[in-house]
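A single structure is presented below for examination.
Chain letters run A, B, ... following the sequence lines, proteins first and then strands; every chain starts at 1. Worth saying up front: this structure is predicted, and the values here are computed from it rather than measured.
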Amino acid sequence: SQKIEQNSEALNIQEGKTATLTCNYTNYSPAYLQWYRQDPGRGPVFLLLIRENEKEKRKERLKVTFDTTLKQSLFHITASQPADSATYLCALPMNSGGYQKVTFGTGTKLQVIP
Amino acid sequence: KAGVTQTPRYLIKTRGQQVTLSCSPISGHRSVSWYQQTPGQGLQFLFEYFSETQRNKGNFPGRFSGRQFSNSRSEMNVSTLELGDSALYLCASSFDGGYTFGSGTRLTVV
């Protein structure tokens, strides 16, 4: 069956370092992959989308890679700041009954320590 | 441009009751998706509506239903509430490339 896996353990890093989060998927070849940020008690906020023909995408301090051979996406935050502390979710469109439904991973909680 | 609006923000209901949650998408967006989020299960897809038609449905019991109106506003209904229905219910309005989520409705069933 199709699965999305994110490291459920929290990631603690020192301020100023680069945080790297991983999203793996199985039994599927998505046309694109999305990353979201979620703060406690709030809805997720869209950050980036990367398509299957793109290897890398950047937005300010964020960088996303997409390796369709490894079936993996890496999400990097450079020069991390305490304000980056949040849960980060990856999401993929999965085929369902002729349409696509966006399915989310369980997320990785990032804690940036001052 | 206004974001996605969900009402109410918080709700406490008793087991066996029913509840209706509302979602107003971003103006001009015709697709609305609903998700249930719990600490153990993460974001679980409930259903998607497009132009008043349910286009997709997740693996939830028939107690969970929804609809969409001609102005794209959507409602979801849960009947015969159970304790396990306590969750954050999120709706999302889709745009080219991603979702814009509302702040959610926190439902507590006691």
Set out, in order, the CA-CA distance, both residues' side-chain angles and the distance that settles side-chain contact (heavy atoms from CB on, under 4.5 Å) for A:K101 and B:R55, then state yes or no. CA-CA 9 Å; A:K101 66 179 184 183; B:R55 196 158 68 170; over 6 Å; no
Counting only heavy atoms not in A:K57 (residues, nucleotides, ligands), do more than 12 fall under 6.0 Å from its NZ?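 Enclosed: over 12 neighbouring heavy atoms sit under 6.0 Å from NZ of A:K57.
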Quick one: which residue pairs count as a side chain to side chain donor-acceptor pair (under 3.5 Å) with a foot in residues 100-110 of chain B, not counting sequence neighbours?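 Residue pairs with at least one partner in residues 100-110 of chain B: A:R42-B:S103.
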Does B:R9 CZ have over 12 foreign heavy atoms under 6.0 Å away?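 Check passes, neighbour count above 12.
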Within 6.0 angstrom of A:E60 CD, more than 12 heavy atoms from elsewhere: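 At most 12 heavy atoms, drawn from other residues, nucleotides or ligands, come within 6.0 Å of this atom.
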Which atoms form the tightest heavy-atom contact between B:L90 and A:P44, and what is the distance?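 Looks like CD1-CD, 3.8 Å.
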Should we count CG of A:L70 as having more than 12 external heavy atoms under 6.0 Å?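 More than 12 heavy atoms, drawn from other residues, nucleotides or ligands, come within 6.0 Å of this atom.
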Would a distance-only check, ignoring hydrogens and angles, find a side-chain to backbone donor-acceptor pair under 3.5 Å from B:Y99 to A:V45?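 Such a contact is absent between B:Y99 side chain and A:V45 backbone.
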Does B:N59 have more than 12 heavy atoms from other residues, nucleotides or ligands lying within 6.0 Å of its CG?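 It does not: B:N59 CG has 12 such atoms or fewer within range.
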Enclosure of B:R30 CZ (heavy-atom neighbours >12, cutoff 6.0 Å):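 Atom CZ in B:R30 is not crowded, with 12 or fewer foreign heavy atoms closer than 6.0 Å.
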State whether the number of non-hydrogen atoms from other residues, nucleotides or ligands found under 6.0 Å of A:R61 atom CZ is greater than 12.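 More than 12 within 6.0 Å, yes.
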Close approach to chain A in residues 43-54 of chain B, criterion heavy atom under 4.5 Å: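 Those residues of residues 43-54 of chain B which have a heavy atom under 4.5 Å from chain A are B:L43, B:F45, B:E48.
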Please rank A:T106, A:V102, A:T87, A:L48 by heavy-atom pairs under 4.5 Å with chain B and give me the top one.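 Top option by heavy-atom pairs under 4.5 Å: A:V102.
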